[in-house]
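What follows is a short report on a single structure.
Every chain is numbered from 1 and lettered A, B, ... according to where its sequence line falls, protein lines coming before strand lines. Please read all numbers here as calculations on a predicted model, not as lab measurements.
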Amino acid sequence: MTDKGNEGRDSLENRGESSLQQEDAIDEVLREYGVIDPPEGGFEAFWARLRPHLEVDRIRDQETVQNLRRLRLAWIGTCVASVAILISLGLWAKALRKENTALKSASSNVARSTPGEIHLPGDYDPTVDLIIFRHDKVLAYEPAVIARDLRIFLGAFECFPSQLQSMAFLDGHVDMALRSHELPSAPPAGESQSRGSQEDFLYFQVNVFRTRGGVSQRTFTARVLTVPGTSVTLEGRIAGKADVKFSLSPQTPVRAVCPTVLDLAYVPFPGEQPYGVRAGLDLRMNQPACAGTFSSGEEEYVVYVSARRVGVIAGNIVSSAGMVRKATASQRASES
Amino acid sequence: MPSDEELRRCKSGDPDAFADLVQEYYQSVYQMCWYLMNSDLNAADATQETFLRAFQAIRKFRGNASIRTWLFSICIRVCSDIRRQAERHQRHPLTSTVGLEWICGSAAGSAQNPRVSACREEMRRKVREAVCQLPESHRRVVVLVAFEELSHEEAGRLLGLRTATVTWYMKEARKRLRAILDRDLLENVQSRQEANESDGQGK
């Protein structure tokens, strides 16, 4: 290395040293003169000021911990309650499914069962279309599959509960068996059903229209199924200022013949002699026929009657609308 | 440095145990706050807030860093918050309000020669003003490295900076301080250093 080179290196080293020295000097100055002493009173004064804050903070912290614990407990309680609710809902849904399955199974059992096994109890509710009881236990409600006529038949059996022996629901049809001993004696062999028989039921529908007077234009409609020999009475009674309440009721059979006369009695006041109309019935009529009119003061009523004959053959129901129910095997056997 | 037992007591919320910790780091934290806030009043508030937050958060202190570094990190955050809050509300503008009264007061209490004492106070004032003139990023580095003698790596970790950046900030800060401070002051110190060195060699 040349002398110039040595000199250059020395100068660089010197400069570096002086730079380092300057850095040291700056740091030294900072440490010596830059130190900031705490304000008067020092630590004691500062601590006296800080301590109350720490105490407050500690108390707040404890409260926060307690609140958090309470919150956690509440959260756990909510979770447990939710789980319990979910479980109970699940169980309920499962039970419901099970019950549905049981009902379906029972329904199919009913369909397979013999008619004598199913009984309609005495406290049958006519507002429900059909309730199938078995051994005094409700098995099924079947409102959707019952035809209109059958519903009316069931309503009629409210009046004659003792005549229903059994009922079974088979392939969309209802087989009903009636007690034969409470019915009038069987018709003679060869008698035509169209002429009416002692086994016939008569189904009346009575519509009463107010054509004049009154507050409202309500129409009274009543249906009744009677056994032969029953007289049907339509009663109208004053109920309020200008309203008449009607009722249609079958009476106890007095004659062992099929009635051809519908007595429509109108009783305006209790104790007064009823007056009304007598309508001749044509059992072949399908459309409502005007049976007569009567009036009470300013009010005038028109009574329309339609009738339908329903035959019972060996415990099976046959309506004039052509609804022929299948006879059960045992009944067919007895017929043969 | 607090022992594990002291730290455990601090974590359990014992204010007396925390008092030892406060006493140990009070001066460092106050100094840092003072340089970052540039005001006696705000520095006192920031110091108090720093220790209050430390007391609230010490339960979460995991010991990954030293307690001193942890306190400094809280301190820096507190100073930034106070600054931001003050700027938002404009109620206590943080201007350079070096506590002259306090300096004078401490100088008056000094038992030294009045002339030496006055000279010394003058130098302290100049140094503080010089540091306060640095940008905040540089000031933080200077306080941590020059005053608290943290390594560049530690300061970088604390401030979220790379070591090279800290080194560069420090270099820049020294350059600016050198430019700001009186040449006389530096010469005075350098001559004193040389005198000390020659004394040491003579001995």
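Heavy atoms only, all atoms of each residue included: Arg51(A) and Asp16(B) are closest at NH1-OD1, 2.9 Å. The minimum heavy-atom distance between Asp37(A) and Tyr30(B), with the atom names listed, is O-CE2, 3.6 Å. Looking at every heavy atom in both residues, Ala146(B) comes nearest to Leu30(A) through CB-CD1, 3.7 Å.
For the pair Arg49(A) and Thr47(B), the minimum side-chain heavy-atom distance is 4.5 Å or more. Looking at Gln23(B) and Trp47(A), their side chains never come closer than 4.5 Å, going by heavy atoms from C-beta outward. A heavy-atom distance below 4.5 Å is not found between the side chains of Glu149(B) and Asp27(A).
Each ring pair (Phe, Tyr, Trp, His ring centres under 6.0 Å) pair with one or both residues in residues 117-148 of chain B, not counting sequence neighbours, appears once here: Tyr35(B)-Phe147(B), His138(B)-Tyr169(B). Under the ring pair (Phe, Tyr, Trp, His ring centres under 6.0 Å) criterion, no residue pair touches residues 68-97 of chain A, with sequence neighbours excluded.
Taking CD of Gln48(B) as the reference point, atom CG of Leu50(A) lies at 5.5 Å (rounded to 0.5 Å). A distance of 2.5 Å separates OH in Tyr33(A) from CE in Met123(B), rounded to the nearest 0.5 Å.
In this structure a side-chain-to-backbone donor-acceptor pair under 3.5 Å is present from Arg128(B) to Val35(A).
Interface remark: Val29(B) contributes no atoms to any contact with chain A (heavy atom separation under 4.5 Å). Of the two parts of Val22(B), the backbone and the side chain both hold a non-hydrogen atom closer than 4.5 Å to a non-hydrogen atom of chain A.
The aromatic rings of Phe43(A) and Tyr26(B) sit perpendicular to each other, their planes meeting at more than 60°, with 30° as the lower class boundary.
Between chain A and the options Gln31(B), Met170(B), Gln27(B), the largest number of non-hydrogen pairs under 4.5 Å is found for Gln31(B).
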